[in-house]
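The next block holds one structure in the form of structure tokens; read it before the comments.
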Amino acid sequence: MPVAASAIYFLNLRGDVLINRLYRDDVGGNMVDAFRMHFMQTKELGTCPVRQIGGCSFFYMRISNVYVVIVVSSNANVACAFKFVVEAVSMFKSYFGGAFDEDAIRNNFVLIYELLDEIMDFGYPQNLSPEILKLYITQEGVRSPFSSKASDKPIPNATLQVTGAVGWRREGLVYKKNEVFLDIVESVNLLMSSKGSVLRCDVTGKILMKCFLSGMPDLKLGLNDKIGLEKESQMKSRPAKSGKTIELDDVTFHQCVNLTRFNSEKTVSFVPPDGEFELMKYRITEGVNLPFRVLPTIKELGRTRMEVNVKVKSVFGAKMFALGVVVKIPVPKQTAKTSFQVTSG
């Protein structure tokens with residue numbers, strides 16, 4: 001079930017209500033008082049972001065010096081609620097110039113009330129895209145850069161974008177020079193035993209793109225290797241394919257990616273948003289090539305001394321090099337003195 005929020009509150013650190021919006025009549029207006037008395041005054045915040053009082057549940061998150069509290073009276077999706085809060089705060093920051101705190105809320109409460117009516121209807125999340133909201137919510141003083149031209153002209157296909165056809169990109173974009181920048185950021189997580197054997201190894205990565213393209217381009221991301229998401233049972237029933245395959249255990253795409261084409265052709269096809277965005281995130285656990293090999297040796301010299309010998313060996317090619325390599329050696333908290341002997345660095 002979606003969020004189905006009955007109300008949303010914005011509180012400061014003292015528990016004072018800055019702004020609130022009631023979406024349903026199944027909760028009373030004094031529910032925030034119960035939340036303030038049970039948790040904020042008893043300083044129990046921070047242990048669990050989900051609380052229950054009577055028949056209502058409270059989902060809260062602290063952003064700067066503001067608490068965003070969602071009140072629900074039914075069995076709602078908690079992950080969807082927190083995702084809504086994160087996206088809503090990001091949308092508010094785009095209107096407020098990057099700041100979201102108590103002062104920003106007090107200075108823009110009229111705009112916030114208007115946005116709260118647009119991003120949630122009867123407790124169900126709606127469009128949270130700042131690019132689309134700025135097309136038809138042009139509050140005085142926080143105008144969108146897209147609406148810098150004369151506002152008396154109707155915006156083409158605004159209704160089409162709001163309905164979700166291509167909600168992440170507006171039509172009519174023109175650049176003198178078409179440019180696309182792509183970055184792949186990967187993080188290798190490795191757990192080894194004291195004997196040097198690998199216990200757990202996985203790679204988490206994301207593909208970041210920055211696009212400055214005219215019109216409505218349909219891009220296709222080509223990889224050197226094919227992407228496979230088949231289950232083990234399906235792999236066993238099919239003959240082995242020639243060539244190397246990247247096995248992705250978990251993959252998350254931006255909403256612009258055509259999932260139907262990806263499921264059928266295993267290619268990433270999409271109409272990119274304008275500017276910078278995260279195209280996809282993935283995780284790999286099979287066939288990981290480790291960049292380093294760490295060989296630790298620990299010797300106890302009496303009851304108060306310890307000697308740690310760590311050897312780091314690179315296993316990548318000679319044409320590659322690593323920058324900013326940091327080796328952290330955990331020691332007991334009561335350690336009084338340490339001495340180092342390094343061969344390089």
Check your understanding: Side chains of Ile8 and Met120: closer than 4.5 Å at any heavy-atom pair?
Key -> no
Practice item. Report yes if some heavy atom in the side chain of Phe10 is under 4.5 Å from a heavy atom in the side chain of Leu116; otherwise report no. Key: yes
Review point. Does the pair Phe292 and Val325 meet the rule for a side-chain contact (heavy atoms from CB on, under 4.5 Å), with working shown?
Key: CA-CA 10 Å; Phe292 299 99; Val325 179; 4.0 Å; yes
Review point. Between atom NZ of Lys206 and atom CD1 of Ile184, what is the distance when rounded to the nearest 0.5 Å?
Key: 13.0 Å
Study note, to complete from the structure: Closest heavy-atom pair, Asp101 versus Val66, reported as atoms and distance to 0.1 Å, is C-CG2, 3.6 Å
Review point. Are Phe321 and Phe316 an aromatic pair by the rule of ring centers under 6.0 Å?
Key: no
Review point. Do Phe84 and Ile70 have side chains that get closer than 4.5 Å, going by heavy atoms?
Key: yes
Practice item. Evaluate the side-chain proximity of Leu221 to Leu182: yes if any heavy-atom separation is below 4.5 Å, no if none is. Key: yes
**Study point:** Same cluster (ILVMFWY, side-chain, under 4.5 Å), Val342 and Val294
**Key:** no
Practice item. Evaluate the ring planes of Tyr175 and Phe212, with Trp represented by its six-membered ring, and classify them as parallel (under 30°), tilted (30 to 60°) or perpendicular (over 60°). Key: perpendicular
Practice item. Specify the closest pair of heavy atoms between Tyr23 and Ala5, including all atoms of both residues, with the distance to one decimal. Key: CB-O, 3.7 Å
Point to revise | Atom pair OG1/CG of Thr204 and Asp250 - distance to nearest 0.5 Å | key: 10.5 Å
Practice item. Answer yes if the side chains of Asn189 and Asp202 hold a donor-acceptor pair under 3.5 Å, and no otherwise. Key: yes
Check your understanding: Roughly how far, to the nearest 0.5 Å, is the CD1 atom of Ile207 from the CD atom of Glu186?
Key -> 8.5 Å
Review point. Do the side chains of Val174 and Met216 join up, straight or via other hydrophobic residues, at under 4.5 Å, putting them in one cluster?
Key: no
Exercise for review: Locate the shortest heavy-atom distance separating Ser269 from Asp218; write the atom from each residue and the value.
Suggested key: OG-OD1, 3.3 Å
Exercise for review: Take Val268 and Phe253, measure what side-chain contact (heavy atoms from CB on, under 4.5 Å) needs, and give me the verdict at the end.
Suggested key: CA-CA 9 Å; Val268 182; Phe253 291 107; 4.0 Å; yes
Practice item. Drop me the distance from Asn77's CG to Lys83's NZ, to the nearest 0.5 angstrom. Key: 12.5 Å
Revision key, fill the gap. For Leu22 and Ala7, the nearest pair of non-hydrogen atoms, with its separation, is CD2-CB, 3.3 Å
Point to revise | Check: Asn107 side chain, Asp103 main-chain N or O, donor-acceptor pair, under 3.5 Å | key: yes
Point to revise | Residue pair Leu208 / Glu278, side-chain heavy-atom distance below 4.5 Å | key: yes
Review point. According to a 4.5 Å side-chain heavy-atom criterion applied to Ile, Leu, Val, Met, Phe, Trp and Tyr, with indirect links allowed, do Val310 and Met306 form part of one hydrophobic cluster?
Key: yes
**Study point:** Any donor-acceptor N/O pair, Arg106 side chain to Asn108 backbone, under 3.5 Å
**Key:** no
Check your understanding: Are any side-chain N or O atoms of Asn127 and backbone N or O atoms of Glu118, one a donor and one an acceptor, separated by less than 3.5 Å?
Key -> no
Review point. According to a 4.5 Å side-chain heavy-atom criterion applied to Ile, Leu, Val, Met, Phe, Trp and Tyr, with indirect links allowed, do Val86 and Ile63 form part of one hydrophobic cluster?
Key: yes
Exercise for review: Considering non-hydrogen atoms only, spot the tightest contact between Asp274 and Cys211 and give its length.
Suggested key: OD1-O, 3.5 Å
Study note, to complete from the structure: Closest non-hydrogen atoms of Ala104 and Ala99, given as atom of the first, atom of the second and distance, are CB-O, 3.9 Å
Check your understanding: Do any N or O atoms from the side chain of Asn309 and from the backbone of Thr297 form a donor-acceptor pair under 3.5 angstrom?
Key -> no
Practice item. Please answer whether the main-chain N or O of Tyr124 pairs with a side-chain N or O of Gln126 as donor and acceptor at a distance below 3.5 Å. Key: yes
Point to revise | Close side-chain approach of Met209 and Phe270, heavy atoms under 4.5 Å | key: yes
Review point. Do Val308 and Pro296 have side chains that get closer than 4.5 Å, going by heavy atoms?
Key: no
Exercise for review: State, with a plain yes or no, whether a side-chain heavy atom of Leu213 is found less than 4.5 Å away from one of Leu173.
Suggested key: no
Check your understanding: In terms of ring plane angle, is the pair Phe109 and Tyr113 parallel, tilted or perpendicular, where the classes change at 30° and 60°?
Key -> perpendicular
Check your understanding: From Leu295 CG over to Met192 CE, what is the distance, rounded to the nearest 0.5 angstrom?
Key -> 6.5 Å
Revision key, fill the gap. Value for OG (Ser264) from CG (Leu259), rounded to nearest 0.5 Å, stands at 10.5 Å
